[in-house]
Amino acid sequence: MRRICCFLVLAFAIACMATGPAWASDTIKVGVVGPRTGGAAATGKAFEEGIQLATDYVNANGGVLGKKIEIVFEDTAGAPDKAASGFERLATRDKVVMVLGESHSSAALAEIEVANRLKVPFMVVEAWADPITAKNYRYVFRAGPSNSGVVKSTIAQWVAAEKFKKVAIVAENTDWGLGIAELCKTALDAAGVENQSLVTERKSQDHYMELTKIKSFDPDAVLAFVYGTGLHYFVAQAGEVGLTPKAVILDGAGPPSLWPDFWPNVGDYGNLECFVSSMHEKVELTPLATEFRKSYVKAFGKNPTDYKSRSMFDAILIAADAINRAGSVDAEKLVDALEKTELTVTRGTARFGTEKGGPEYHHWMPPMLVIQWQDKEQVVLFPAEGATGKLKR
Amino acid sequence: MFAIASMNGLVIGVIYALTALGVSLVVGIMNVVNFAHGEFYILAGYFSFLFANALGMPIIAAMGLAVALVFVFGLLVEYTLIRPTYGDDMYSLILTFILSIVLQNAYLFIFGPYPNKPPGWIKGATNIFDLFFYGNQRMAALVAGIAVIVVVFAMIKLTWFGRIIRAASQDRGMAELNGVNTTRLNMLSFGLGCALAAAAGVILAPVFPVTPTAGVPVALTAFVVVVLGGMGSMWGCIIGGLILGLVENLGAAYLSTGYKHVFGFVILIMVLAIRPSGLFGRKEA
């Protein structure tokens, strides 16, 4: 009998410890996944900045369910195996009520399987591959760009608006790169634009052969889907082989063109380079965008550059809003609340698609801009209503 | 296409050979596989960036100081980490592997995730016989790389220290019986191997900016070159590096740019299938 009593006390204590953090603490935990190490560690830094500003903002405005929001950041290094195990740790060890983040499509595709299996709401922030939401998983959302969204609403329209006749597409061999290159090719074929596609290795430092092939094609524009430092190598080497400035390069991801070391790494060859971005130093779509910039400058002593800091900021605000509206941390109620989201954040008003059948399901596509570096000034080229100048060749 | 593929293959090949020389030297003399070789390369790149950009030193002085500091760091690593493991190759292998992870994270903590590039020595590109344009900094790296390789070969072939190195790599026991202090030789050889990685790092950092994890592919390629050329063979490094550079570039030019590095591994497998000891490797007794 004594043994049974001891066992019951011990079991009760373990049960209390296991369920404790979600209820006993004065915070509600939300997980974040993203690369803090590896080739895209700069994204992790941008995420950290967004987390700092968002938690301050949410907690200063009442927190969530009367408690403070607490972020637990799990490093994925951009690797699918680490991403899946990191997600599982957040859900099982840290007992987070929701997970946000990720910027590698390959990693996100591994994470959505865990989210679906463990029934933990997951809001992808900056992983663009279509299958992430095209799988139509109930617990998976995306508050950020998708490959098809960026191609349809931005890149294809920009190519048409600039009347490019010959376009080269070069993509790294990742889920993101290959996926968006295929969508671009389909869109260019449909528009009757002559095009050429090339694949490059994600970790390649030397792009001379790719660039020589592109140069012999003699394109007006090059759509480059190469992320991280590789983009810097690509732009600098394109200048060396004489591909630019005759052809215009569009960085199809964006942030690497805004990293602090972009100019030291590419030198004068960076001038007239174009890039896709959801943020511009002078174009602010909502009052919250202005507030974000001011808070950022105050916190970090510089202007925001990598738009992924703002993407993370928005995601945390959307998550906090959903938790408050759900009035609970129950996963089913959170999913229902997320589906009914109507919240103005820095990039516009977030609303998730609810019609199943394609990548638009559970997806909010924020507006994207095409910006060109002109003498180290950012000039918005597209969309026309937000343009601050014209394309220079 | 053939002309630029060959030229680029030559440049990349010399770069590969230079990065592999340090690995080959350490393997040949000490039978230690230094997994942190790429991190020494990156450390020198960071040092030259720091000295030239932050402290405003002339780039040549910054490069020289960077190589010297990495050499000293290499001596310290040998003294503290490698020396206690002599007699068990697996321990040194694991230790250098751990060291590479520690150094990667230290670089991330100290220098941040963004790429860093020391100032280039020469700007722009040159029109090569009206065939193609080629980056001047790359050509300068080619010349500097060849110069370092020539100096290393001259040292190995013509100096007393080089004679000791060759003797120890051929028969360590006999070298000891003839009065060679192999403990000190190990230390100097490991430092020299690190200094060669550093030389490659300072020469290449203006072409390929350094990041905390950029040393991993550098080390991997160096190991491929060493195995291809034959473990411990200096000439094997040169020939192996050039073959790898040319195969990758010609393969990218005429087959596919998406599998550039796969071509190198295919060649490696083919060579090892025919000559398991590599092109210039000695067969095990």
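Labels below follow one simple rule: chain letters A, B, ... track the order of the sequence lines, proteins then strands, and each chain is numbered from 1. As the structure is a prediction and not an experimental result, all values here were calculated from the model.
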The reported gap from CE in Met7(B) to OH in Tyr208(A) (rounded to nearest 0.5 angstrom) is 9.0 Å
Most contact-rich option vs chain B, by heavy-atom pairs under 4.5 angstrom, among Arg36(A), His207(A), Glu210(A), Glu172(A), is Glu210(A)
Turns out that what part of Asn173(A) lies under 4.5 Å from chain B's heavy atoms comes down to side chain
Output for pair (Lys215(A) NZ, Met1(B) CE), nearest 0.5 Å, gives 11.0 Å
Output for pair (Ser256(B) OG, Lys213(A) NZ), nearest 0.5 Å, gives 6.5 Å
Scored by heavy-atom pairs under 4.5 Å with chain A, the best of Ala125(B), Ala252(B), Pro209(B) is Pro209(B)
Beyond-backbone contact of Asp206(A) with Phe208(B), side-chain heavy atoms, under 4.5 angstrom: yes
The interface call for Tyr269(A) against chain B, heavy-atom contacts under 4.5 Å, is side chain
Note: vs chain B, highest number of non-hydrogen pairs under 4.5 angstrom among Ser204(A), Pro260(A), Pro264(A), Gly239(A) is Pro260(A)
Honestly, the part of Asn8(B) sitting under 4.5 Å from a heavy atom of chain A is side chain
Checked Gln137(B), Lys123(B), Arg138(B), His261(B) vs chain A; the most non-hydrogen pairs under 4.5 Å come from Arg138(B)
Subject >> Note, Pro115(B) side chain near His232(A) side chain (heavy atom, < 4.5 Å) >> reply: yes
Chain B shares the most heavy-atom pairs under 4.5 Å, among Arg202(A), Glu240(A), Gln237(A), Lys45(A), with Glu240(A)
Margin query: How about CZ on Phe97(B), more than 12 heavy atoms from neighbouring residues, nucleotides or ligands closer than 6.0 Å, or not?
Written below: no
*Report yes if some heavy atom in the side chain of Glu248(B) is under 4.5 Å from a heavy atom in the side chain of Met209(A); otherwise report no.*
no
Could you tell me whether the side chain of Thr37(A) reaches within less than 4.5 Å of the side chain of Asn105(B), counting heavy atoms only? yes
Notebook entry, point to check: Above 12 or not: heavy atoms from other molecules or residues under 6.0 Å from NZ of Lys392(A)?
Noted result: no
Honestly, the part of Thr213(B) sitting under 4.5 Å from a heavy atom of chain A is side chain
- Query: Counting only N and O atoms by type, is there a donor-acceptor contact under 3.5 Å from the side chain of Lys117(B) to the main-chain atoms of Asp261(A)?
  - Reply: no
- Message: How about CZ on Phe217(A), more than 12 heavy atoms from neighbouring residues, nucleotides or ligands closer than 6.0 Å, or not?
- Response: yes
Heavy-atom closest pair (Ala214(B) atom, Gln205(A) atom, distance to 0.1 Å) is CB-NE2, 4.4 Å
When the 4.5 angstrom heavy-atom criterion is applied to Pro212(B) and chain A, the contacting part is neither
Residue from Asn136(B), Thr211(B), Asn127(B), Ile4(B) scoring the most non-hydrogen pairs under 4.5 Å with chain A is Ile4(B)
Interface check, chain A: of Val207(B), Val262(B), Thr257(B), most non-hydrogen pairs under 4.5 Å belong to Thr257(B)
- Check: Tyr114(B) side chain, Thr229(A) main-chain N or O, donor-acceptor pair, under 3.5 Å: no
Assert top hit (heavy-atom pairs under 4.5 Å, partner chain B, pool Thr43(A), Asp268(A), Thr200(A), Thr212(A)) equals Thr212(A)
